Amino acid sequence: MPKHRLFPSMIASDLAHLADQVAAVVAAGVDGLHFDVMDGNFVPNITLGPDFVRALRPLTNLPLDVHLMVTQPDVLIPDIVAAGASRVSVHPEIQGHLQRSLAHLRQLGVSPGVAINPATPPEDIRWVLDDVDYVLLMTVNPGFSGQEFIPAMPRKIAALSQMIAQAGRQVTIMVDGGVVPENIKELADLGADDFITGAGLFDHPPLGDRVRQYREALT
Ligand code: DX5
Ligand code: ZN
């Protein structure tokens, strides 16, 4: 497994040719696929759901990482897992029963993650670090691909990384939003492990060359 992994955010791909886009990113050598599930309520946008994950699951053996930006994740979790998700992240900002949702994901056999909005302090997830394999740290506000990386977020990556180390936990930090070859090295040096990339990848074909640029920036 590479030290740093790249996950394309499929909502940023050419959605009229989704199967071709999956094949293209797999051929480009990414490490997994990221799916943004939005409900038009937690965020001002609606995207895809379990049926898309189910339809795309047979196209690759790579892990499918599902990011639930929905107010009622518990309603979707069983179906998302049954559809073939490998990893699923939920947000604490919905004020649900976060620990219960994360424990449920673990029980269903998928890798649980907690996703936090830019304004949410790392402290808010301190007491679920035992329940997750990864923290998805949002570096743009959730809802859309192609937004500007928020300048305060490198300091937040460092703070989160420090909190995880102090807690003595093995939790991966995954960065989501505005990741490009120009900033990826700085983020990795501050403690980020895995990276999601939407517009930064798909707006720069050919995808194989662009993935190489991300990897070279990390060396
Ligand atoms: C935003 C999503 C991200 C987004 C990333 O709500 O969670 O996954 O699609 O896209 P870029 O890399 O374009 O910011
Ligand atoms: Zn996402």
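Count residues from 1 along the sequence. Start at 1 and go down the list; that is how both ligands and their atoms are numbered. Please read all numbers here as calculations on a predicted model, not as lab measurements.
Numbered from 1 in the order shown, with element, the atoms of ligand 1 that lie under 4.0 Å from a heavy atom of His34 read 8 (O). Every atom of ligand 1 with a heavy atom of Ile11 under 4.0 Å away is listed here by number and element: 9 (O). Per-residue contacts place Met38 under 4.0 angstrom from the following atoms of ligand 1 (heavy atoms of the residue considered): 6 (O). Less than 4.0 angstrom separates some heavy atom of Ala199 from each of these atoms of ligand 1: 11 (P), 12 (O), 13 (O). If you number the atoms of ligand 1 from 1 as listed, the ones under 4.0 Å from a heavy atom of Gly146 come out as 11 (P), 13 (O), 14 (O). Residue-ligand proximity, Asp176 to ligand 1, at heavy-atom distances under 4.0 Å covers atoms 2 (C), 3 (C), 4 (C), 5 (C), 7 (O), 8 (O). Within ligand 1, counting atoms from 1 as listed, the ones closer than 4.0 Å to a heavy atom of Pro142 are 6 (O). Near His67, meaning under 4.0 Å from any of its heavy atoms, are these atoms of ligand 1: 7 (O).
Not one N or O of Gln147 is nearer than 3.5 Å to an N or O of ligand 1, by distance alone. Inclusion of Gly177 in the set of residues having an N or O under 3.5 Å from an N or O of ligand 1 is not warranted. Distances between N or O atoms of Ile196 and those of ligand 1 include no value under 3.5 Å. Of the N or O atoms in Met138, none lie within a sub-3.5 Å distance of an N or O in ligand 1. In terms of polar-atom proximity, Asn141 is not counted as a contact of ligand 1, lacking any N or O under 3.5 Å from an N or O of the ligand. On a distance-only criterion, Met69 and ligand 1 share no N/O pair closer than 3.5 Å.
Rounding to the nearest 0.5 angstrom, the gap separating the CZ atom in Phe52 from the CG atom in Leu18 is 7.0 Å. Atoms CD and CD1, from Glu148 and Ile150 in turn, are 10.0 Å apart once rounded to the nearest 0.5 Å.
Atom NE2 is the N/O/S atom of His34 found closest to the Zn ion (ligand 2). Among heteroatoms of the N, O or S kind in Asp176, OD2 lies nearest the Zn ion (ligand 2).
Salt-bridge formation is not detected for the pair Arg169/Asp133: no Lys NZ or Arg NE/NH1/NH2 atom is positioned less than 4.0 Å from an Asp or Glu carboxylate oxygen. Salt-bridge formation is detected for the pair Asp194/Arg5: a Lys NZ or Arg NE/NH1/NH2 atom is positioned less than 4.0 Å from an Asp or Glu carboxylate oxygen.
The local environment of CZ in Arg106 is crowded, with over 12 non-hydrogen atoms from other residues, nucleotides or ligands closer than 6.0 Å. Counted within 6.0 Å of CD on Glu182, heavy atoms from surrounding residues, nucleotides or ligands total more than 12; the atom is thus considered enclosed. Other residues, nucleotides and ligands place no more than 12 heavy atoms under 6.0 Å from the CG atom of Asn61.
Both Val66 and Leu108 sit in one connected hydrophobic cluster of ILVMFWY residues. Membership requires side-chain heavy atoms under 4.5 Å apart, directly or through other members.
Between the ND1 atom of His67 and the OD1 atom of Asp36, the angle centred on the Zn ion (ligand 2) amounts to 90° when rounded to 10°.
Among all protein heavy atoms, the one lying closest to atom 12 (O) of ligand 1 is Gly198 N, 2.7 Å. The single protein non-hydrogen atom nearest to atom 6 (O) of ligand 1 is Gly143 N, 2.7 Å, given as residue, atom name and distance. Protein heavy atom at the shortest distance from atom 2 (C) of ligand 1 is Asp36 OD1, 3.3 Å. Nearest protein heavy-atom neighbour of atom 1 (C) of ligand 1: Phe144 O, 3.6 Å.
The proximity of Leu201 to ligand 1, defined as any non-hydrogen pair under 4.0 Å, does not occur for either the backbone or the side chain. Of the heavy atoms in Ser9, only side-chain atoms (C-beta onward) come closer than 4.0 Å to ligand 1.
Between the side chains of Asp193 and His4, not a single donor N or O lies within less than 3.5 Å of an accepting N or O. Looking at Ser111 and Tyr134, their side chains never bring a donor and an acceptor atom within 3.5 Å of each other. Side-chain atoms of Ser89 and Asp65 include no donor-acceptor pair closer than 3.5 Å. A donor-acceptor pair shorter than 3.5 Å cannot be found between the side chains of Asp14 and Gln21.
With sequence neighbours left out, the ring-ring contact (aromatic ring centres under 6.0 Å, His included) criterion links Phe42 to His91.
Nearest to atom 10 (O) of ligand 1 by heavy-atom distance, out of Ala12, Gly178, Ser145, Gly200, is Ser145.
At least one donor-acceptor pair under 3.5 Å links the side chain of Ser13 to the backbone N or O of Met10.
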